[in-house]
2 protein chains.
Amino acid sequence: MVTSTIPEACCTLDIAGENQKKLITMFKALGNPTRFEIIKFLVTHPGCITGDIVGFLPIAQATVSQHLKVLRNAGFIEGTVTGAATSYCLHEENIDWFRSKVGDIF
Amino acid sequence: MVTSTIPEACCTLDIAGENQKKLITMFKALGNPTRFEIIKFLVTHPGCITGDIVGFLPIAQATVSQHLKVLRNAGFIEGTVTGAATSYCLHEENIDWFRSKVGDIF
DNA sequence: TATATCCATCGTATTTTTACGATAATTGTA
DNA sequence: TACAATTATCGTAAAAATACGATGGATATA
């Protein structure tokens, strides 16, 4: 019988629970080509409205709206209703948190 | 008629093509709870073998192997065959690239 | 050589994601 | 008040991801 010994833990990593869940949701949100394009567009065009993104991307308005919702729920973006339109910006605080956590892991 | 003007680009962002594709694949790989746990385990237990991960996680060996393949293809990990076993480590160079690109975007 | 160990791959069922058209809700304008 | 503009949501079809048992190939051991 061979009892395979798990190598010693070389360090600890205090990411768990809700923080981990949140982080995974953010990774998942970025792991889609369309959503990544939306993020890129928002980085270079802060404050643009949904229609601008719809005009920029080759996909239906309903689909863009759905992706914006995913990005909002993940915490990457923030929408501000102005009249009939909604303008979007990156959520800097959450993005700082994200970058910080990526640094913690790797 | 209202011609919505797209806000001026406030900056450029030179992520595109294959680099972008690679990056999205890496985000997608991390955006799954099981794969994230595997990465965490490898961070704290470098050099462990597939069986160690199977013993650690509450999922079938075939599923673990499948997730390891995704992480390998994404470039996060490297497998070294030693006898009948395969030991895994993080791919430091690709991880450095990943962290650097995250910094470029945000 | 037979046998056990370790792991990747195959085939498949289930769940989740993605994209779309249609529709409704809200705001501004004639 | 009617109407156009803007966007979110609903229902649904198609594609992708996920998990599993079974199997096969490679290595070590009796």
Side-chain angles (χ1 to χ4, degrees), chain A residues 1-7 21 24-39 41-42 45 47-89, chain B residues 1-7 21 24-39 41-42 45 47-89:
Chain A
M1 185 188 65
V2 179
T3 39
S4 129
T5 309
I6 300 180
K21 218 166 144 185
I24 290 170
T25 300
M26 295 182 92
F27 281 130
K28 183 142 89 173
L30 291 181
N32 170 277
T34 299
R35 285 194 294 267
F36 192 85
E37 282 294 343
I38 292 176
I39 289 290
F41 191 77
L42 285 177
H45 301 82
C48 71
I49 66 174
T50 306
D52 297 331
I53 303 172
V54 172
F56 174 67
L57 295 175
I59 60 179
Q61 179 267 321
T63 309
V64 170
S65 198
Q66 201 172 349
H67 282 305
L68 286 171
K69 186 177 184 179
V70 172
L71 290 171
R72 242 186 298 122
N73 290 341
F76 276 114
I77 66 176
E78 235 175 348
T80 309
V81 177
T82 329
T86 305
S87 69
Y88 282 96
C89 278
Chain B
M1 184 188 70
V2 179
T3 41
S4 129
T5 309
I6 299 181
K21 218 166 145 186
I24 291 171
T25 301
M26 295 182 93
F27 281 130
K28 183 142 88 172
L30 291 181
N32 170 278
T34 299
R35 285 194 292 268
F36 192 84
E37 283 294 341
I38 292 176
I39 289 291
F41 191 76
L42 285 176
H45 300 83
C48 72
I49 66 175
T50 306
D52 297 331
I53 302 172
V54 173
F56 174 66
L57 295 175
I59 59 179
Q61 180 266 321
T63 308
V64 170
S65 199
Q66 201 171 349
H67 282 304
L68 286 171
K69 186 178 183 178
V70 172
L71 290 171
R72 241 187 299 121
N73 290 342
F76 276 115
I77 67 176
E78 235 175 348
T80 308
V81 176
T82 329
T86 306
S87 68
Y88 282 96
C89 278

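Because the structure is a prediction, the values reported are computed rather than measured. Values reported hereafter were calculated over all heavy atoms of this structure, with side chains retained and with hydrogens, waters and symmetry mates removed.
- Between Asp52(B) atom CG and dT5(C) atom P the separation is 16 Å, expressed in whole Å.
- To the nearest 0.5 angstrom, Glu37(A) atom CD is 10.0 Å from Ile59(A) atom CD1.
- Taken from CD1 in Ile77(B) to CG in Leu71(B), the straight-line distance is 4.5 Å, to the nearest 0.5 Å.
- Of the listed nucleotides (dG21(C), dC7(C), dA8(C)), dA8(C) has the atom at the smallest distance from the side chain of Ser65(B).
- One can place CD1 of Ile38(B) at 13 Å from P of dC7(C), the figure rounded to the nearest angstrom.
- Checking the phosphate oxygens (OP1, OP2) of dA8(D), a side-chain nitrogen or oxygen of Tyr88(A) falls inside 4.0 Å.
- Under the side-chain contact (heavy atoms from CB on, under 4.5 Å) criterion, Lys21(A) pairs with Glu18(A), sequence neighbours left out.
- Residue Ala62(B) is the one, among Ala62(B) and Ala62(A), whose nearest nucleotide of DNA chain C lies closer to the 5' end (criterion: closest heavy atom).
- Pairs passing the side-chain hydrogen bond (donor to acceptor under 3.5 Å, both in side chains) check and including a residue from residues 26-36 of chain A, sequence neighbours excluded, read Arg35(A)-His67(A).
- Relative to the axis of its first five pairs, the axis of the last five pairs of the helix from dT1(C)-dA30(D) to dA30(C)-dT1(D) sits at 10°, rounded to 10 degrees.
- Without hydrogens or angle criteria, Asn73(A) side chain to Val70(A) main chain gives no donor-acceptor distance under 3.5 Å.
- Which of dT7(D), dA8(C), dC6(C) sits closest to the side chain of Thr86(B) comes down to dA8(C).
- The CZ atom of Phe27(B) sits 9.5 Å away from atom CD1 of Ile39(A), with the distance rounded to the nearest 0.5 Å.
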Nucleotide N/O to protein N/O under 3.5 Å, stretch nucleotides 25-30 of chain C:
none

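- With rounding to whole Å, Gln61(B) atom CD is found 11 Å from dG21(D) atom P.
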What N/O pairs connect the protein and nucleotides 12-19 of chain D at under 3.5 Å? Give each pair on its own line.
unit_1: dA17(D); atom_1: OP1; unit_2: Lys28(B); atom_2: NZ; d: 2.8
unit_1: dT18(D); atom_1: OP1; unit_2: Asn32(B); atom_2: ND2; d: 2.9
unit_1: dT18(D); atom_1: OP2; unit_2: Arg35(B); atom_2: NH1; d: 3.0
unit_1: dT18(D); atom_1: OP2; unit_2: Arg35(B); atom_2: NH2; d: 3.2
unit_1: dA19(D); atom_1: OP2; unit_2: His67(B); atom_2: NE2; d: 2.4
unit_1: dA19(D); atom_1: N7; unit_2: Gln66(B); atom_2: OE1; d: 3.2

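- Residue Ser87(B) comes nearest to Thr82(B) through the heavy atom pair OG-OG1, 4.1 Å, listed as atom of the first residue, atom of the second, then distance.
- One atom, CD1 of Ile49(A), and another, P of dA8(D), lie 10 Å apart when rounded to the nearest Å.
- For Leu71(A) and dA8(D), the CG to P distance is 12 Å, given to the nearest whole Å.
- Between Lys69(B) and Ser65(B) the shortest side-chain heavy-atom distance does not fall below 4.5 Å.
- We find the OG1-CG distance between Thr50(B) and Leu68(B) to be 5.5 Å, quoted to the nearest 0.5 Å.
- Phe41(A) is linked by a ring-ring contact (aromatic ring centres under 6.0 Å, His included) to His45(A), Phe56(A), counting only residues two or more places apart in sequence or in another chain.
- For the pair Arg72(B) CZ and dA8(C) C1', the interatomic distance rounds to 8 Å; values are reported in whole Å.
- At the phosphate of dA8(C), neither OP1 nor OP2 sits under 4.0 Å from any side-chain N or O atom of Lys69(B).
- For Tyr88(A) against Leu42(A), the heavy-atom pair with the smallest separation is O-CD2, 3.6 Å.
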